[in-house]
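As structure tokens, the structure follows; a few thoughts come after it.
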Number of protein chains: 2
Amino acid sequence: MIFFDNASTTKADPLCLDIIKKYCFDSYYNPSAQYHNSVEVGNDLKRARQNILRLLNGDGQFVFTSSGTESDNLALLGTPKKKGSRIIVSKAEHPSVMKVANELAQRGFELVLADVDGCGMVDFEKFKPLVTEDTALISVMHVNNETGGINDIKKLVSYAKSVNKRIIFHSDGVQALGKIKTDMAELGVDLYSVSAHKLHSIKGCGGLYVKKGVSVQPVIFGGGQEMGVRSSTENIPAIMCFEAVCNKILPSIDKYSSEINQLKQYIIDSLPQDGSVIKISCQGSPFILSLALRSVRGEVMLHALEKHGIMLATGSACSSSKPAKGWKTEYLPEEYKNGIIRLSFCHENDIPQAEYFINKLNLEYSELIKYAK
Amino acid sequence: MIFFDNASTTKADPLCLDIIKKYCFDSYYNPSAQYHNSVEVGNDLKRARQNILRLLNGDGQFVFTSSGTESDNLALLGTPKKKGSRIIVSKAEHPSVMKVANELAQRGFELVLADVDGCGMVDFEKFKPLVTEDTALISVMHVNNETGGINDIKKLVSYAKSVNKRIIFHSDGVQALGKIKTDMAELGVDLYSVSAHKLHSIKGCGGLYVKKGVSVQPVIFGGGQEMGVRSSTENIPAIMCFEAVCNKILPSIDKYSSEINQLKQYIIDSLPQDGSVIKISCQGSPFILSLALRSVRGEVMLHALEKHGIMLATGSACSSSKPAKGWKTEYLPEEYKNGIIRLSFCHENDIPQAEYFINKLNLEYSELIKYAK
């Protein structure tokens, strides 16, 4: 079995098992209770928060949420902003940002979409004139979930702050965490979303980095957990798994990244030279590679490869609704537009898997192309 | 170790372990992906949803969320309602309802609080005149989390619908599920919130029952999961644990309830006759018992009992902020007002534990009262 769909979700790291056992069956206490055992759990929670903040090189707070999507919602909905003010998001945002931005437009904010290239990366020259004095919020993803393209967040933040230093800059870092460097001080972002299950931790945990001095209003109201920003009994087992996985993976990004880059390069170098399969991905995260097949549909290839035990995605697989892929297909020749497949890797993937994939891709392509209209 | 704080959270049932292992390390796939393995996970999700709906005897939908708090937020914020219309909630609601109601008041809705008695139960005669033709939403908890008092939801729903059948009636059933009968058809509610970790499942999962024909708008926007009502990759391990625990516990409520009722009665019957400790709890859930100590502070007793390995709560322990307990202390004599402790049970508690508790309570009380002012 070859799992090349790690951008949609990942297998939990084995180290999660002991943590789950501890916090589900032994130290299962509510950190808000008053007895010693629960206070200890509360201390574990504080340590996890500080630890993740340190690994992100952040100076503010880290709010645990239930998912990357919830983190994006908290960032966009929770940022205090004057009615009617401008909100800029890139055209390539994940639905967890784009749908919230559309909701804000309905609530009376002026939504402006920033143009992107065929890799989903913001066009800086077209971005600049969009940033106005009355812009309240900008949201641009760090790593594109379909192409792996990396936005130059530092440059975008720096420009935005030069226009108006009170602009809040959010970045969706869900596909960046543990894959490329995610240094909050260097990026200069005010808000940054991450998700645990995209990085070999268990589902049910995400987080929002909030820079020192930046204020976020709650989206979910209640008992006042998470510094009043996100009420609900904290999902302690998932938070503790997330901390442990961050401890393991974040300091080893260079190693993993270089290994996976070789794997990605191997696949790119092994693609047929006749143009039947071309790569879409550009300079970016080694962990994502999108390919386009000439005259063969992506989902047909997906099911063909599945018979060989290979799992991958067509567009973005982390959404129930098909994402609008206008920006991605715009630059593709017509006969490739319906043939997009996305491969997304993790540190457990290796070259023999890539080799196997290429063999089966060529085999299936040569079969399927016979039925092409 | 005696855990009498099961209303704040519970130890996960051992059956959760195999389910966690399966869905975190083996079938960890995203149910929105397109290959067979993920479609199978999607089918498991559908089955869990239908199963829980059947166990609740509901005819509509069951939306999985991340917590009871989120479910309450989805119910109150997500119910479509005309600006300025009336919202009624009981004075005894958990912060996960009360804080949302306050937020709605700030957003221009007319918030009306329904009076309750010393057990937190809605006073029906005082409730009736509050329900007006322009009332949009009513939220009254099923079982009170501090006293165990059970509201007559069926009666309240029936009256509200007689005034205006379009009124949406929500009930927070977090302390009711698995403790007393939770039959949606019989209660007649439109929306009903539950939480998994209060019932021996793992943290990170809640749910909102939505009656057929009732519409709920999302609070969290994104990929469109959960019938478009709650975006985020579904927390499959937690959902599957929740289904399994519901399967185990819900059909056995009568048995567990009768056992725990004996335990509760044993404690009540064993309380000293001199008025040093009195019970607050009224007719209600066997699983919650609040006591009031004369001239000894609740938190002092909590820490004294902790030395003997007994864990319990003072007010509600499932919130970071102290709940306003006005309605609960109003009917208490002055010298008991600061002496409230809450015991909350689960099917694993037994009479020997109750016996041990009573011994230690008496022992510590006789010591602590010496220092009473």
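Fair warning: this is a prediction, and the values are worked out from it, not measured in the lab. The chains referred to below are lettered A, B, ... by the order of the sequence lines, with proteins before strands, and numbering in each begins at 1.
Partners of B/F345 under the ring pair (Phe, Tyr, Trp, His ring centres under 6.0 Å) rule, at least two apart in sequence or in another chain, are B/F4. With sequence neighbours excluded, the residues satisfying ring pair (Phe, Tyr, Trp, His ring centres under 6.0 Å) with B/F64 are B/F62.
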Practice item. Quick one: do B/S67 and A/Q225 satisfy side chain to side chain contact (heavy atoms under 4.5 Å, CB included)? Show the steps, please. Key: CA-CA 13 Å; B/S67 65; A/Q225 288 89 346; over 6 Å; no
Practice item. Assess whether side chain to side chain contact (heavy atoms under 4.5 Å, CB included) is satisfied between A/M1 and B/N37, documenting all intermediate values. Key: CA-CA 11 Å; A/M1 207 208 72; B/N37 289 357; 4.3 Å; yes
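The contact list for residues 200-208 of chain A toward chain B, using heavy atoms and a distance under 4.5 Å, reads A/I202, A/K203, A/G204 by residue number.
For chain A, no part of B/M98 is nearby; none of its heavy atoms comes within less than 4.5 Å. Of the atoms belonging to A/I220, heavy atoms from both backbone and side chain fall under 4.5 Å from chain B. Using a 4.5 Å cut-off between heavy atoms, B/D13 touches chain A through its backbone atoms (N, CA, C, O) alone. Using a 4.5 Å cut-off between heavy atoms, A/H36 contacts chain B through both its backbone and its side chain. Residue contact with chain B, scored on non-hydrogen atoms closer than 4.5 Å, involves the side chain of A/L302 exclusively. Heavy atoms of B/F3 lying under 4.5 Å from chain A belong exclusively to its side chain. Heavy atoms closer than 4.5 Å to chain B are found nowhere in A/S27, neither backbone nor side chain. The part of A/P14 that comes within reach of chain B is its backbone (N, CA, C, O), which places non-hydrogen atoms under 4.5 angstrom from that chain.
Looking at every heavy atom in both residues, B/F25 comes nearest to A/C16 through CZ-CB, 4.1 Å. Closest non-hydrogen pair, A/P95 versus B/G223, comes out as CB-N, 3.9 Å. For A/I20 against B/C24, the heavy-atom pair with the smallest separation is CD1-SG, 4.5 Å. The nearest pair of heavy atoms linking B/H303 to A/Q34 is CE1-O, 3.2 Å.
Listed by first then second residue, pairs satisfying salt bridge (charged side-chain N to carboxylate O under 4.0 Å, His left out) with a partner in residues 24-44 of chain B read B/D44-B/R47, not counting sequence neighbours.
By the 4.5 Å heavy-atom criterion applied to side chains, B/D5 and A/Y35 are counted as neighbours.
Using modelled atom types, no side-chain atom of A/E70 and backbone atom of B/S232 make a donor-acceptor pair closer than 3.5 Å.
No other option in A/D72, A/T10, A/I236 has as many heavy-atom pairs under 4.5 Å with chain B as A/T10.
Put simply, the residue from B/V219, B/N73, B/L77 that forms a side chain to side chain contact (heavy atoms under 4.5 Å, CB included) with A/V219 is B/V219.
To the nearest 0.5 Å, atoms NZ (B/K198) and OG1 (A/T233) are separated by 4.5 Å. Taken to the nearest 0.5 Å, the OG atom of A/S38 stands 7.5 Å off from the CD atom of B/E306.
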